[in-house]
Amino acid sequence: MTTVSRYLEPELSPAERLLLELLGGAKAIGLDATVLSGRATAVERLARRVENALQPLAVFSDPRGIYSHCFCSFER
């Protein structure tokens with residue numbers, strides 16, 4: 001017995017269809033439309049978290065590059 005799955009989606013409004021066509025055209029010519037959304041991508045969010053985690057290390061200035069870090073919180 002074969003099961004066939006169909007996904008039912010609501011019909012798009014004319015404005016939604018136009019927006020999809022515009023975004024598709026922008027993608028075709030190499031424009032990244034996600035920058036217009038204002039929302040960070042998963043990679044951008046991860047990069048921001050890594051940057052925030054490493055930011056306290058920027059205050060170290062040992063000329064030999066020898067450091068030790070306690071994974072506890074501290075204030076400057």
Side-chain angles (χ1 to χ4, degrees):
M1 178 177 199
T2 304
T3 303
V4 177
S5 298
R6 284 193 278 170
Y7 296 97
L8 301 177
E9 297 180 15
E11 187 175 326
L12 298 176
S13 71
E16 291 170 324
R17 288 194 304 266
L18 176 62
L19 183 59
L20 282 177
E21 287 179 29
L22 289 173
L23 292 175
K27 185 176 182 180
I29 62 171
L31 296 176
D32 182 11
T34 60
V35 298
L36 302 175
S37 71
R39 293 181 50 190
T41 64
V43 172
E44 290 170 330
R45 289 191 307 268
L46 177 61
R48 195 173 304 125
R49 290 186 77 179
V50 169
E51 182 180 14
N52 290 339
L54 294 178
Q55 193 274 332
L57 298 177
V59 298
F60 298 123
S61 59
D62 183 68
R64 296 180 296 162
I66 300 173
Y67 304 105
S68 176
H69 179 70
C70 174
F71 289 97
C72 52
S73 62
F74 63 93
E75 294 182 31
R76 291 189 225 177

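Computed over heavy atoms, backbone and side chain alike; hydrogens, waters and symmetry mates excluded. None of these values were measured; they are calculated from a predicted model. Counting begins at 1 with the first residue of the sequence.
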Can you list the residues that meet the side-chain contact (heavy atoms from CB on, under 4.5 Å) rule with Val50, with sequence neighbours excluded? Leu46, Leu54
Those residues that, when tested against Asn52, pass side-chain contact (heavy atoms from CB on, under 4.5 Å) (two or more places apart): Arg48
Give the other cluster members for Ile66, using side-chain heavy-atom distances under 4.5 Å between Ile, Leu, Val, Met, Phe, Trp and Tyr residues; answer none if it is isolated. none
Using residues 14-23 as the side-chain source, report each donor-acceptor pair under 3.5 Å to any protein atom, sequence neighbours left out, with the distance given to one decimal.
unit_1	atom_1	unit_2	atom_2	d
Glu16	OE1	Ser13	N	2.8
Glu16	OE1	Ser13	OG	3.3
Arg17	NH1	Leu12	O	2.8

